Amino acid sequence: MKVFKFGGASVKDAAGVKNVAGIVKQYQHENLCIVISAMGKITNALEELVKAYVKDANSNPNKFNDSKKEIFEKIKDYHYSIIHDLFEPGPGRDAALLKVNVFFLELQNRFEKMPSANYDLVYDQIVCVGELVSTTIVSEYFNAIGLTNTWFDARRLIRTDSTYREGKVDWKISEQQVSKTLIPFYIGSLEKKIAITQGFIGGTSIDLTTTLGREGSDYTAAILSYLLDARDMTIWKDVPGVLNADPRIHPDAVKLNKISFHEAIELTYYGATVIHPKTIKPLQNKGIPLYVNSFIEPNKKGTVIQPSEDFDNKIPSYIYKKNQVLLSIIPRDFSFVDEQNLRDIFDLFAQFNLHINLMQNSAMS
Ligand code: ADP
Ligand code: ASP
Ligand code: MG
């Protein structure tokens with residue numbers, strides 16, 4: 001069993017989806033679980049839609065303004081145009097349109113009603129449509145070209161608490177869900193199977209949608225790899241692998257061929273945005289290797305992230321962080337910056353959810 005994750009950049013247009021199909025074809029002889037994000041930058045557009053909906057509703061609860069209409073139409077047109085480019089006119093295209101329209105109609109109906117006062121809850125019920133629609137289009141397209149697959153609703157596989165926009169995974173219930181549905185899907189058959197599901201989204205025990213935090217599809221793939229006991233996981237990116245810096249900032253960044261789980265956790269926790277920071281831990285816990293490969297050059301070796309520390313090479317990595325604040329804290333009484341004061345300072349940081357990237361302490365500061 002292999003788990004693949006394709007991000008928004010890989011499925012941003014019809015050519016992207018066809019390229020993804022080409023990659024998947026090469027692995028058809030294996031059981032595959034494929035996790036896909038929303039197409040292109042659609043999650044950003046959906047965030048704008050949520051803002052507009054809430055603003056419209058609050059400006060005049062009796063007769064909603066319709067500033068959201070334009071955004072909604074753009075989101076729909078973007079997906080329709082991909083469907084039109086992917087499918088010839090006929091039953092395949094009709095099936096894709098029909099299924100995608102169910103999600104859009106649900107949104108339309110939602111917009112007729114007042115939003116709940118819980119913004120984050122509203123956000124998750126709307127933003128999830130990006131992943132639901134993208135996986136539907138890809139799944140229908142794969143079926144149309146003979147890559148037979150089954151679409152699974154990730155909200156029934158990955159269960160979370162009700163922390164909207166940052167759902168905490170309930171590992172026990174998710175394991176039960178995966179054992180009930182996904183595992184029998186593979187085990188019950190002699191043929192190799194392909195499952196397609198959404199990244200980023202989960203569901204609560206009362207069937208409301210949650211999201212796992214922006215860029216969370218990598219994490220979804222890691223959760224499923226863990227629960228399925230995958231042999232390995234691959235995330236397909238627009239870069240040759242994990243580099244020692246973000247190539248958008250450092251064009252001469254070099255590829256790291258092999259890194260340890262430990263190093264990868266450090267890099268992603270401190271802001272190497274190529275992988276979501278929560279991704280590595282579940283893989284490390286089961287020793288499942290993670291490959292970071294290029295969807296542009298799929299046959300080239302990317303980066304492998306594995307248990308061993310042996311091969312951490314001596315190439316230093318750079319992480320560029322914007323909007324940082326430097327705080328100096330100095331005792332004004334007779335004390336030093338000792339354990340007692342540090343404890344109080346850390347308590348406050350934790351209380352206000354502030355993240356410390358770098359810290360140095362001395363007797364007086
Ligand atoms: P996805 O399509 O899966 O969501 P992302 O766009 O989130 O992919 O991640 C890939 C991007 O991460 C790259 O295009 C690159 O600009 C950026 N990136 C930041 N740090 C690194 C790094 N250390 N190595 C490679 N890419 C990096
Ligand atoms: N579509 C979501 C986002 O843009 C999740 C992801 O791409 O990983 O944040
Ligand atoms: Mg991303």
Side-chain angles (χ1 to χ4, degrees), residues 3-13 16-17 19-20 23 34-50 75 78-79 123-124 126-135 138 154 158 165-167 197-202 209-224 233-257 259 263-280 290-297 302-305 315-322:
V3 174
F4 281 178
K5 180 257 170 174
F6 292 98
S10 67
V11 289
K12 69 176 196 301
D13 50 25
V17 176
N19 177 57
V20 165
I23 295 173
I34 303 177
V35 174
I36 304 170
S37 308
M39 294 174 150
K41 301 269 179 232
I42 280 297
T43 306
N44 295 351
L46 285 161
E47 281 189 343
E48 293 308 311
L49 185 63
V50 178
I75 292 172
Y78 173 79
H79 290 103
Y123 175 103
D124 281 356
I126 294 174
V127 165
C128 64
V129 168
E131 267 69 13
L132 292 167
V133 167
S134 74
T135 48
V138 174
I158 294 177
R165 295 180 75 170
E166 200 59 62
T197 195
Q198 307 78 44
F200 181 51
I201 68 175
T209 306
T210 49
T211 57
L212 307 177
R214 285 301 307 264
E215 302 294 329
S217 296
D218 295 340
Y219 183 38
T220 301
I223 298 166
L224 292 174
M233 165 172 153
T234 307
I235 48 183
W236 298 91
K237 297 269 173 182
D238 60 356
V239 279
V242 178
L243 310 176
N244 74 326
D246 186 339
R248 286 173 299 193
I249 300 165
H250 298 278
D252 49 356
V254 296
K255 190 180 77 190
L256 307 172
N257 293 326
I259 40 181
E263 179 81 352
I265 290 173
E266 296 293 342
L267 282 173
T268 54
Y269 181 80
Y270 283 105
T273 56
V274 62
I275 307 172
H276 188 277
K278 289 183 180 168
T279 308
I280 315 286
L290 170 62
Y291 295 95
V292 182
N293 288 354
S294 160
F295 63 76
I296 300 162
E297 294 182 296
T303 299
V304 57
I305 301 168
I315 301 174
S317 288
Y318 300 87
I319 290 159
Y320 181 75
K321 303 209 72 139
K322 289 186 215 161

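Counting convention: from 1, in listed order, for ligands and their atoms alike. Predicted model, so just to flag it, every value in this text is computed and none were measured. Excluded from the calculations below are hydrogen atoms, water molecules and symmetry mates; all remaining heavy atoms, backbone and side chain alike, are included.
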Subject >> R248 N/O under 3.5 Å from ligand 1 N/O >> reply: yes
**OP:** State whether the shortest distance between N or O atoms of N244 and N or O atoms of ligand 1 falls below 3.5 angstrom.
**Re:** no
Please round to the nearest 0.5 Å and tell me the distance separating atom [atom1] of [X] and atom [atom2] of [Y].
X	Y	atom1	atom2	answer
M233	I305	CE	CD1	9.0 Å
D13	Y78	CG	OH	6.5 Å
I42	L49	CD1	CG	10.0 Å

Examine distances only and state if a side-chain atom of [X] and a backbone atom of [Y] form a donor-acceptor pair shorter than 3.5 Å.
X	Y	answer
S134	S37	yes
N244	P316	yes
Y320	A245	no
E131	A38	yes
T303	L256	yes
N293	T234	no
K237	V274	yes

For [atom], find the nearest protein heavy atom and state the residue, atom name and distance (0.1 Å precision).
atom	result
atom 6 (C) of ligand 2	S217 OG, 3.3 Å
atom 4 (O) of ligand 1	E215 OE1, 3.5 Å
atom 27 (C) of ligand 1	V274 CB, 3.4 Å
atom 9 (O) of ligand 1	K237 NZ, 3.7 Å
atom 4 (O) of ligand 2	R214 NH2, 2.9 Å

Original post:
Should E166 and K278 count as an ion pair when the cut-off is N to O under 4.0 Å?
Top reply: yes
Subject >> From the candidates A253, G241, A272, the one that places a heavy atom nearest atom 25 (C) of ligand 1 >> reply: G241
Original post:
Considering D238, L243, D246, which one's heavy-atom position lies nearest to atom 11 (C) of ligand 1?
Top reply: D238
Original post:
Short list, please: which atoms of ligand 2 are under 4.0 Å from a heavy atom of F200?
Top reply: 2 (C), 5 (C)
Original post:
Any idea which atoms of ligand 2 are less than 4.0 Å away from a heavy-atom of E131?
Top reply: 1 (N), 2 (C), 5 (C)
Subject >> Side chain, backbone, both or neither: the part of S37 lying under 4.0 Å from ligand 2 by heavy atom >> reply: side chain
Original post:
Taking heavy atoms and a distance under 4.0 Å, where does H276 meet ligand 2: side chain, backbone, both or neither?
Top reply: neither
**OP:** Kindly indicate whether the side chain of I315, heavy atoms from C-beta on, has any atom under 4.5 Å from the side chain of V254.
**Re:** yes
**OP:** Compare every heavy atom of P240 with every heavy atom of S294, then report the nearest pair and how far apart it is.
**Re:** CB-CA, 4.0 Å
**OP:** Please report the closest heavy-atom contact between T135 and L132, naming both atoms and the distance.
**Re:** OG1-O, 3.1 Å
**OP:** Indicate yes or no: does an N/O atom of K5 lie under 3.5 Å from an N/O atom of ligand 2?
**Re:** no
Original post:
Any N or O on D218 sitting closer than 3.5 Å to an N or O of ligand 2?
Top reply: no
Original post:
Which of the atoms of ligand 1 are close to G8, meaning less than 4.0 Å from one of its heavy atoms?
Top reply: 2 (O)
**OP:** Could you list which atoms of ligand 1 come closer than 4.0 Å to a heavy atom of A9?
**Re:** 2 (O)
Subject >> Heavy-atom gap A245 to ligand 1 smaller than 4.0 Å >> reply: yes
**OP:** Mark the output for K5 as yes if a heavy-atom distance to ligand 1 is under 4.0 Å, and as no if none is.
**Re:** yes
Original post:
Just to confirm, does any protein heavy atom lie below 4.0 Å from atom 6 (O) of ligand 1?
Top reply: no
**OP:** Using a cut-off of strictly less than 2.8 Å, determine whether E215 has an N/O/S atom near the Mg ion (ligand 3).
**Re:** yes
Subject >> Contact with ligand 2 for K41, non-hydrogen, under 4.0 angstrom >> reply: no
Original post:
Can G216 be said to touch ligand 2, with heavy atoms closer than 4.0 Å?
Top reply: yes
